[in-house]
Number of protein chains: 2
Amino acid sequence: MIRLTPVSYIVLGLIDAAGEATPYQLKTAAAASVGNLWSVQHAQLYSEPLRLADAGLLDEQREETGRRRRVYRLTDAGREALTAWLATPADGFTELRDPGLLQLFFGAEPGPLAAAQLGLHERRLAEYETLQREAGAAMTEGQHLTLEAGIAHEREWIRYWRNLARD
Amino acid sequence: MIRLTPVSYIVLGLIDAAGEATPYQLKTAAAASVGNLWSVQHAQLYSEPLRLADAGLLDEQREETGRRRRVYRLTDAGREALTAWLATPADGFTELRDPGLLQLFFGAEPGPLAAAQLGLHERRLAEYETLQREAGAAMTEGQHLTLEAGIAHEREWIRYWRNLARD
DNA sequence: GGGTACATGTAATCAGTTACATGATTTA
DNA sequence: TAAATCATGTAACTGATTACATGTACCC
């Protein structure tokens with residue numbers, strides 16, 4: 001049996017929500033939704049479905065005409081894998097893994113670093129807030145909650161770097 | 001020229017702080033310091049120094065006796081690479097990439113998830129606070145600031161999951 | 001003296017990234 | 001109609017993880 005990674009579940013989850021999808025549709029769907037939380041390289045949205053189809057979690061159909069795109073849907077096993085994952089609360093812990101913080105750790109000057117990071121995070125926060133205002137109504141509960149987490153952490157980053165910026 | 005990854009800079013930074021180090025010493029040093037922010041598999045602390053030595057950023061000496069461990073120190077080029085990196089504020093942005101949040105996004109029940117995550121983060125916060133109390137005095141400014149970021153985000157996670165736990 | 005934990009390292013695999021490529025639409 | 005830009009995909013590479021393996025020291 002293959003090992004299912006977060007990317008596997010992203011693919012399964014997106015296909016579940018869409019009913020069916022080609023890799024390209026996965027790409028656009030990912031960019032518009034989970035992308036902020038966990039982005040995936042587009043090439044992986046071609047290779048990962050192949051893996052999942054091999055493992056019997058996806059059903060693959062080629063279009064008859066034109067580009068003969070691959071269209072994927074969940075098999076019963078695939079739906080089951082997704083459900084099982086959702087029912088098992090993650091025990092994993094996420095490290096911050098922030099490049100800027102890493103530089104700080106090893107002795108970078110806080111001032112310039114803070115200035116740069118502040119800009120990044122302010123822009124990101126603005127994007128999130130716009131997203132919430134404009135697309136909030138169309139979101140699922142889960143998406144909404146996730147976005148709130150994103151906003152909260154952005155606010156925290158801004159507080160943090162702002163504090164370091166006045167040196 | 002090789003591409004320098006965050007792991008490369010972790011190795012360079014640790015060796016810079018220690019003066020010289022064997023892979024095993026890197027492993028223990030990493031576990032005790034950067035590990036919380038950005039952990040590295042121990043096997044990588046054997047392969048990455050080889051790469052860096054190939055690229056001329058580290059100098060490698062084999063011990064004469066016994067296990068003939070490899071001992072690394074920075075070359076001038078290595079020190080320069082580290083300094084240059086520290087002087088160039090990171091432009092990168094970190095995604096949350098939290099497995100629990102990913103589950104929430106795709107529709108997992110918030111209740112049980114929150115309960116599990118809450119435990120994780122409370123434990124982690126306690127560790128950080130202990131670390132701050134007990135080792136705080138011996139830390140560099142950068143390490144101290146980094147730890148503060150970690151604590152702030154843990155507090156945010158706890159607030160977030162606690163809010164979802166009362167359903 | 002046998003187990004168990006720590007120390008130390010290599011090898012194999014694979015996920016994920018980067019680079020390459022080309023057809024189809026839109027726009028200036 | 002030339003030039004972008006979007007759409008769509010494959011191939012190659014390599015960083016990172018997992019698995020394997022052996023030596024050494026301590027302790028019951």
Side-chain angles (χ1 to χ4, degrees), chain A residues 1-12 14 18 20-32 34-35 37-55 57-58 60-72 92-95 97 99 102, chain B residues 1-12 14 18 20-32 34-35 37-55 57-58 60-72 92-95 97 99 102:
Chain A
M1 203 36 171
I2 66 172
R3 250 170 40 83
L4 297 178
T5 69
V7 172
S8 311
Y9 293 114
I10 288 174
V11 169
L12 292 175
L14 289 175
E20 64 171 46
T22 67
Y24 190 77
Q25 288 171 331
L26 287 176
K27 176 189 148 186
T28 56
V34 240
L37 167 61
W38 200 306
S39 71
V40 179
Q41 301 290 326
H42 92 279
Q44 249 189 301
L45 298 175
Y46 290 85
S47 56
E48 186 65 22
L50 288 177
R51 262 175 32 99
L52 295 175
D54 269 2
L57 303 182
L58 292 180
E60 173 186 322
Q61 298 288 330
R62 306 288 299 249
E63 290 178 343
E64 290 305 322
T65 84
R67 299 212 174 180
R68 308 206 61 238
R69 295 186 195 81
R70 295 165 205 269
V71 182
Y72 296 97
F93 177 82
T94 305
E95 294 161 7
R97 293 203 167 220
L102 194 60
Chain B
M1 203 38 171
I2 68 171
R3 248 169 42 82
L4 297 179
T5 69
V7 171
S8 310
Y9 293 113
I10 289 174
V11 168
L12 292 175
L14 289 175
E20 63 172 44
T22 68
Y24 190 77
Q25 288 171 331
L26 286 176
K27 176 189 147 184
T28 56
V34 238
L37 167 62
W38 200 306
S39 73
V40 179
Q41 301 292 323
H42 91 278
Q44 249 189 299
L45 297 175
Y46 289 86
S47 56
E48 186 65 21
L50 288 178
R51 261 174 34 95
L52 295 175
D54 269 2
L57 303 182
L58 292 181
E60 173 187 321
Q61 298 288 329
R62 305 286 301 246
E63 289 179 345
E64 290 304 322
T65 86
R67 299 212 173 179
R68 312 204 60 239
R69 296 187 194 81
R70 295 165 205 267
V71 182
Y72 296 97
F93 177 82
T94 305
E95 294 162 6
R97 291 201 168 222
L102 194 60

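Within every chain, numbering begins at 1; the chains are lettered A, B, ... in the order of the sequence lines, protein sequences first and strands thereafter. Atoms considered below: every heavy atom in the structure, side chains included; atoms not considered: hydrogens, waters and symmetry mates.
Each of Arg97(B) and Gln25(B) was matched to the nucleotide of DNA chain C holding its nearest heavy atom; the match closer to the 5' end belongs to Gln25(B).
Side-chain atoms of Arg70(A) and Leu50(A), non-hydrogen and from C-beta on, do get closer than 4.5 Å to each other. Side-chain atoms of Thr5(A) and Ser8(A), non-hydrogen and from C-beta on, do get closer than 4.5 Å to each other.
For Arg51(A) (side chain) and Leu4(A) (main-chain N/O), no donor-acceptor pair under 3.5 Å exists by modelled atom type.
Rounded to whole Å, the distance from CG on Leu50(B) to P on dA11(C) is 11 Å. Summarising the geometry, the separation between CZ on Arg62(B) and P on dG9(C) is reported as 8 Å, rounded to the nearest angstrom. Between Tyr46(B) atom OH and dT22(D) atom C1' there is a gap of 12 Å when expressed in whole angstrom units. Rounded to whole Å, the distance from OH on Tyr24(B) to C1' on dT10(C) is 17 Å. Protein atom CG of Leu4(B) is 17 Å distant from nucleotide atom C1' of dT18(C), rounded to whole Å. Atom NZ in Lys27(B) sits about 8 Å away from atom P in dT8(C), given to the nearest Å. Rounded to a whole Å, the CZ atom of Arg70(A) is 10 Å from the C1' atom of dT10(D). Residue His42(A) contributes atom NE2, which lies 12 Å from atom P of dA7(D) at whole-angstrom precision.
Rounded to the nearest 0.5 angstrom, Leu102(A) CG and Tyr9(B) OH are separated by 10.5 Å. Atoms OH and CG, from Tyr72(B) and Leu45(B) in turn, are 10.5 Å apart once rounded to the nearest 0.5 Å.
The shortest heavy-atom contact between Gln44(B) and Val40(B) is CB-CG1, 3.8 Å. The two atoms that bring Glu95(A) and Leu37(B) nearest to each other are CB-O, 3.4 Å, heavy atoms only.
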Table of protein N/O atoms under 3.5 Å from nucleotides 13-16 of chain D N/O atoms:
from	atom 1	to	atom 2	distance (Å)
dG15(D)	OP1	Arg51(B)	NH1	3.1
dG15(D)	OP2	Arg51(B)	NH1	2.9
dA16(D)	OP2	Gln44(B)	NE2	2.6
dA16(D)	O5'	Gln44(B)	NE2	3.3

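With dA11(C), dG9(D), dT18(C) as the candidates, the nucleotide lying closest to the side chain of Ala43(B) is dA11(C).
At dG23(D), none of the side-chain N or O atoms of Arg69(B) fall inside 4.0 Å of OP1 or OP2 (strictly under the cut-off).
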